[in-house]
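Because the structure is predicted, anything quoted here is derived from the model rather than measured. Letters go in sequence order (proteins before strands), and every chain restarts at 1.
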There are 2 protein chains.
Amino acid sequence: MSDPITKAISVLREKGLRITEQRKAILEVLSKADSPISAEENHAMLVASQCDLVTVYRSLEQFVKAGVVELGVRENGTKVYCFGHGHGHHHHLTCRMCGDSERVDVCMKNELEEIARGYGYQEVTHVMEVFGVCPSCS
Amino acid sequence: MSDPITKAISVLREKGLRITEQRKAILEVLSKADSPISAEENHAMLVASQCDLVTVYRSLEQFVKAGVVELGVRENGTKVYCFGHGHGHHHHLTCRMCGDSERVDVCMKNELEEIARGYGYQEVTHVMEVFGVCPSCS
DNA sequence: CTAGCCTGTGCAAAGATTTGCATCAACAAG
DNA sequence: CTTGTTGATGCAAATCTTTGCACAGGCTAG
């Protein structure tokens, strides 16, 4: 049960999503990546590209909605995905040269929600990504 | 000189960028918008679509690099642009229903740079967007 | 185990954004 | 004002992502 994939699958089941070979393969790829990856990269890493690229896009979107996968953005706007690894919401510090990334646990969630409430906004969410040049690339 | 367009133009000149009719038109549209807008929206608002959509994409990108325009992201990943209005770096609280947005002057710039430096990262930048449902839409 | 419902998948096509390349024109120098 | 350099533009095409639709297959109830 400590296996992140097994865990993700049970969460998906709870949410009423179906477990298919394609989705298992996509999760498999995600668990092997050590940095957040895009839908295309995920598809390329599937053994023998066993499923359609469109399915990867759609599945990742579902995983994010279900809360088992975290969504991020590259500096150029590309969406990237990674496992939450139990920490849930978090952010990344990504190298704009090599794409490597570090987990950043700082977050202004609370401050932001307070400010938003000040403007009368409800259901507040946010996206944040940090970019730089890592030691190896500078 | 208090005119944001005139100001933007002089900055662009300083940076060695050329001032064309197309770019002036794009800045004009940007100055009229009261919320950040996408490249496509900007193009649609150009009188008689006087320039190619591709040019709008490229020009906005240049404006961001030159620092006269701020880049944001919608919740679905679309890039949006707005004038910095002299406040320079800032963020937005955007309604996910109607697209209206408020300027948010809170920013963790300093904390983030410190953290990034802790990992040995240089040239740190970040993107942050806050989303919610505004009073009129809820 | 079987049947049926309804989600998930693949294909095709639309839509959004980026890139390559030849031509055009802004700007600096003379 | 004229000219040359070099960045900017438009068109076409490639790339990335989303959407529509018919069919296949996961899961629940019997």
Heavy-atom donor-acceptor pair, A:His126 side chain to B:Glu129 backbone, under 3.5 Å = no

OP1, OP2 of D:dT18 versus side-chain N and O of A:Lys79: anything below 4.0 Å?
-> yes

OP1, OP2 of C:dG10 versus side-chain N and O of A:Thr55: anything below 4.0 Å?
-> yes

Are the charged groups of A:Lys109 and A:Glu113 less than 4.0 angstrom apart, N to O?
-> yes

Does OP1 or OP2 of D:dG7 have a side-chain N or O of B:Lys15 closer than 4.0 Å?
-> no

In whole Å, what is the span from the CD atom of B:Glu14 to the C1' atom of C:dC27?
-> 16 Å

For atom CD of B:Glu21 and atom P of D:dG7, their distance in whole Å = 21 Å

Under-4.0 Å side-chain N/O to phosphate OP1/OP2 contact, B:Ser59 with D:dT9 | yes

Are A:Gln22 and C:dG8 close enough that a side-chain N or O sits under 4.0 Å from OP1 or OP2?
-> no

Could you state the CD1-P distance from A:Ile19 to D:dC27, rounded to the nearest angstrom?
-> 6 Å

Between B:Thr20 and B:Arg58, who's closer to the 5' end of DNA chain C by nearest nucleotide?
-> B:Arg58

Atom CD of B:Gln62 and atom P of C:dA26 are separated, to the nearest Å, by 17 Å

Does atom CD of B:Glu114 have more than 12 heavy-atom neighbours from other groups under 6.0 Å away?
-> no

What are the two closest non-hydrogen atoms of A:Cys95 and A:Val133, and how far apart are they?
-> SG-CA, 4.1 Å

Taking it one step at a time, do B:Lys32 and B:Glu41 satisfy salt bridge (Lys or Arg N to Asp or Glu O under 4.0 Å)?
-> CA-CA 12 Å; B:Lys32 283 180 187 148; B:Glu41 286 155 0; over 6 Å; no

Any idea which of C:dG8, D:dC16, C:dG10 is nearest the A:Glu40 side chain?
-> D:dC16

Short side-chain N/O contact to C:dA16 OP1/OP2 from B:Thr78, under 4.0 Å | no

How close or far is atom C1' of C:dT9 from atom CD1 of A:Ile26, stated in whole angstroms?
-> 10 Å

May I ask you to evaluate whether B:Arg23 reaches the phosphate of C:dA26, defined as a side-chain N or O under 4.0 Å from OP1 or OP2?
-> no

Atom CG of A:Leu53 and atom C1' of D:dC16: how far apart are they, to the nearest Å?
-> 8 Å

Starting at NZ of A:Lys65 and ending at P of C:dG8, how long is that distance when rounded to a whole Å?
-> 10 Å

In whole angstroms, the gap separating P of C:dC5 from CZ of A:Arg18 amounts to 12 Å

Please check the phosphate of C:dT18 (OP1 and OP2 only) for any side-chain N or O of B:Tyr57 closer than 4.0 Å.
-> no

